[in-house]
2 protein chains.
Amino acid sequence: MATIKDVAKLANVSTATVSRVLNNNGYVNKDTKERVTRAIRQLDYRPNDIARSLFKGKSKMIALFVPDIMNPFFPELARAVEDITNKHNYTFVLCNTDDDLEKEITYLNALQQKSVDGFIIVSSNLKEDYLHNMNAPVVALDRIVSKQLSSVTVNNRESAREATNYLKAIGCKRIAHICGPDYAMNTLERLGGYLDIVKKEKWFLSSYVVSGEYNYEKTIAVTKELLTNHPEIDGIFAANDKMGVGVIKAAEALGVKIPEELAVVGFDGIAMGETTTPSLTTMEQPIYDIGAQAAKLLLEHIHDSNRSIEQVNLKTKLIERDSTRKRR
Amino acid sequence: MATIKDVAKLANVSTATVSRVLNNNGYVNKDTKERVTRAIRQLDYRPNDIARSLFKGKSKMIALFVPDIMNPFFPELARAVEDITNKHNYTFVLCNTDDDLEKEITYLNALQQKSVDGFIIVSSNLKEDYLHNMNAPVVALDRIVSKQLSSVTVNNRESAREATNYLKAIGCKRIAHICGPDYAMNTLERLGGYLDIVKKEKWFLSSYVVSGEYNYEKTIAVTKELLTNHPEIDGIFAANDKMGVGVIKAAEALGVKIPEELAVVGFDGIAMGETTTPSLTTMEQPIYDIGAQAAKLLLEHIHDSNRSIEQVNLKTKLIERDSTRKRR
DNA sequence: CTGAAAGCGCTAACAC
DNA sequence: GTGTTAGCGCTTTCAG
């Protein structure tokens, strides 16, 4: 690999001059510039980014923390972040944290040692304290709430209300909710939205809320139990699509007809919901957009340390599919 | 951020000594070591990896190229690579290439400038020529064939034969094949395996092979057409699960009963195949294992430039589900 | 307009 | 055992 010195020697100039033409700054005579450019081409010279990083104290890398890329919500998010990141000549680092605080901290430290310029984080554990005294900006996604941090989220509570109201509107009389794990902010908000609507109904029972823990198998099990104990339930709002699909599978196993006997609404809008039979009605999140906006926001923070904190709130959209539609 | 100099000053030693205790090499007196350790702790000092990288010419980063992380085959692969990578204190860079040669080359160059230590590549475009004069090792996955490169693949041809034979065994008399795009090596091999079995059958027609181009919508369209033109078809082998699910959806739309009137086998073993109704029988690839082995192999090449080229070939496994099972 | 030189933070000879 | 020093490859004052 040729270095800047080789180029300088070949072009008969100093390394400073080469650097100037490389970065297109400072005055440099047209002819010498030409000579340098030729030398660069001739040697197929590419500047060493590590050396640049050392000098600048920046690496042109940004990292995304997700619990697990195998969870179908995250690939689209990752794709969005990578697209924006790449367009701005940043390198994209992906970290699976398993929602484990220790792993998250280890990553945070390791990546700061590598001078990573910024972080986009989906986490249930990382609180302000950990994130506060970092030298790189952070954008929080989906689960973290802190006035100190820029973030991109959807209005989980309102969306959950909308989903629940929709089930009422299509004629459901007893609506249950499958919630996620209680450590996740987003699932608590969705539960809250559901409760906003149903808690004053005379029919409402606290046993209408069960936890599927964002887990497919677990959801099938708890839904079977729920429907067996409460055959009167004719509508279920699941806090995400993975669990919504679980509900469909549980109903299928029990011989409960969807949507005639049971209407189901999920949350997220992942592709899997389109391929089930019946397909799953869902509150679709603008996943790509969430990622893209987060990445843009982060880049702004990186380029301008005075960029003000901003909490972006995006809208969900009800996608009607067969798990409710025929009921209308 | 404290530097090695700060530590040296505080501990009253030279930076060399600090470096020695940091890297645990060279002799250093127990007491001074203690002093240095204390200073490190006191300043909360972390070595700057960029500086280390500059010196060593290595970055402790490895990159994975995939066409698109949103394609459900790749998250599990990425997860495996990241797990291994992380365990060995490497940083994991993810690149979506869209199977576009230009993007691939841009990435290759950009990452080499960052001294990325190695690459794992899923590509249909990158041939030996591009990969040959690189200064970092490459492991090819899934699609590239070259005697010059270590690789991890499954035996596509044999697996396709097995899938086709299985359809015959459960009683299918006319078996069609939905293949992928013709630029992808793996899909051509699967087509080859299918043909190995059926081409000498008297009933075989070349119109029994149609391309779904690894695309869900497209597959639904071509399958409808295929089944309409050839109602005698009672078995379909799809070159991947995404297309297999498309076949199920097309049959559903046409009122063709699966598996009674049509048996379907996919390829890959992605989660989506479990949630359809009926669930999709498939030739499951050991996706995680493919990624893990590739990562290990790459690490070996990184640590030992004389590591011999190795072509690892993994086995697929038939997973029987409802799209064929009830037929037995 | 161009070059000399210092320095980003760290490691590894090489001395003592 | 420990310190001195010369880089790794680049950018940027500061002179001229």
Side-chain angles (χ1 to χ4, degrees), chain A residues 1-37 39-40 43-61 89 109-117 135-136, chain B residues 1-37 39-40 43-61 89 109-117 135-136:
Chain A
M1 265 263 155
T3 75
I4 199 171
K5 274 189 189 160
D6 302 324
V7 177
K9 200 170 297 172
L10 184 60
N12 245 300
V13 295
S14 72
T15 61
T17 302
V18 178
S19 177
R20 284 190 192 97
V21 348
L22 235 40
N23 298 291
N24 230 316
N25 68 14
Y27 300 99
V28 36
N29 180 39
K30 213 172 140 224
D31 287 3
T32 43
K33 182 171 188 168
E34 171 63 28
R35 244 178 26 252
V36 170
T37 312
I40 287 175
L43 295 171
D44 188 29
Y45 164 75
R46 330 266 175 78
N48 178 326
D49 277 336
I50 297 285
R52 280 184 164 170
S53 292
L54 179 59
F55 185 86
K56 302 241 183 186
K58 305 187 166 202
S59 64
K60 288 224 142 205
M61 299 198 292
N89 287 108
N109 289 333
L111 294 176
Q112 286 192 261
Q113 286 186 230
K114 283 198 146 52
S115 303
V116 162
D117 297 338
N135 37 26
Chain B
M1 266 267 152
T3 75
I4 199 171
K5 275 189 188 160
D6 302 324
V7 176
K9 202 171 296 171
L10 184 61
N12 246 299
V13 295
S14 74
T15 61
T17 301
V18 178
S19 178
R20 282 189 194 99
V21 349
L22 235 39
N23 298 290
N24 230 315
N25 67 14
Y27 299 99
V28 35
N29 179 37
K30 215 173 140 222
D31 287 2
T32 42
K33 183 171 187 170
E34 171 64 27
R35 250 186 12 261
V36 170
T37 313
I40 288 175
L43 295 171
D44 188 29
Y45 164 74
R46 329 268 175 78
N48 178 327
D49 277 336
I50 297 286
R52 280 185 164 167
S53 292
L54 179 58
F55 184 85
K56 302 242 184 185
K58 306 190 167 199
S59 64
K60 289 223 139 206
M61 299 197 292
N89 287 108
N109 289 333
L111 294 176
Q112 291 198 91
Q113 286 186 227
K114 283 198 147 49
S115 304
V116 162
D117 297 337
N135 36 28

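Remember, it's a predicted structure, so these values are computed and weren't measured experimentally. So you know, we letter chains A, B, ... as the sequences are listed, proteins then strands, and number each from 1.
Among the atoms of the strands shown, only primed sugar atoms or phosphate atoms (P, OP1, OP2) are found under 4.0 Å from some heavy atom of N12(B). Within the 4.0 angstrom heavy-atom criterion, no nucleotide atom of any strand lies near V18(A). Backbone-only engagement by T32(B) is indicated by non-hydrogen atom pairs under 4.0 Å involving sugar-phosphate atoms exclusively.
Legend: residues meeting side chain to side chain donor-acceptor pair (under 3.5 Å) with S115(B), ordered by chain and number and at least two apart, are absent. Checked against side chain to side chain contact (heavy atoms under 4.5 Å, CB included), A51(A) has the following partners two or more places apart in sequence or in another chain: N48(A), L54(B). Among residues two or more places apart in sequence or in another chain, the side chain to side chain contact (heavy atoms under 4.5 Å, CB included) test is passed with D49(B) by Q113(A), K114(A), R52(B). For N12(A), there are no side chain to side chain donor-acceptor pair (under 3.5 Å) partners at least two apart in sequence or on another chain. Partners of N135(A) according to the side chain to side chain donor-acceptor pair (under 3.5 Å) rule, which considers only residues two or more places apart in sequence or in another chain, are Q112(A). Applying the side chain to side chain contact (heavy atoms under 4.5 Å, CB included) test to K5(A) and every residue at least two apart in sequence or in another chain returns T3(A), T15(A). In this view, N29(A) satisfies the side chain to side chain donor-acceptor pair (under 3.5 Å) rule with no residue, not counting sequence neighbours. Evaluation of the side chain to side chain contact (heavy atoms under 4.5 Å, CB included) rule for L10(A) yields A39(A), Q42(A), L43(A) as partners, not counting sequence neighbours.
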N/O-N/O pairs, protein side and nucleotides 7-10 of chain C side, under 3.5 Å:
{"from": "dG9(C)", "atom 1": "N2", "to": "A51(B)", "atom 2": "O", "distance (Å)": "3.4"}
{"from": "dC10(C)", "atom 1": "OP1", "to": "Y45(B)", "atom 2": "OH", "distance (Å)": "2.4"}
{"from": "dC10(C)", "atom 1": "OP1", "to": "N48(B)", "atom 2": "N", "distance (Å)": "2.9"}
{"from": "dC10(C)", "atom 1": "OP2", "to": "I4(B)", "atom 2": "N", "distance (Å)": "2.4"}

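Atom-to-atom, CZ of R20(A) to P of dG3(C) comes out at 8 Å; the value is rounded to the nearest Å. Between the CG atom of D31(A) and the P atom of dC1(C) there is a distance of 11 Å, rounded to whole Å.
Residues V13(B) and T17(A) each lie close to DNA chain D; by heavy-atom proximity, the contact nearer the 5' end of the strand is made by V13(B).
Reading DNA chain D from its 5' end, the first and the last nucleotide to sit under 4.0 Å from a heavy atom of chain B are dG1(D) to dG9(D).
Legend: salt bridge (Lys or Arg N to Asp or Glu O under 4.0 Å) pairs involving residues 12-35 of chain A, not counting sequence neighbours, sorted by first then second residue: E34(A)-R38(A).
Rounding to the nearest 0.5 Å places CG of D117(B) at 11.0 Å from CG of L111(B).
Overall, the helix from dC1(C)-dG16(D) to dC16(C)-dG1(D) carries an axis bend of 50° between its ends, with five pairs at each end and the value rounded to 10°.
Across all non-hydrogen atoms, the minimal contact from R46(A) to N109(B) is NH1-OD1, 3.1 Å.
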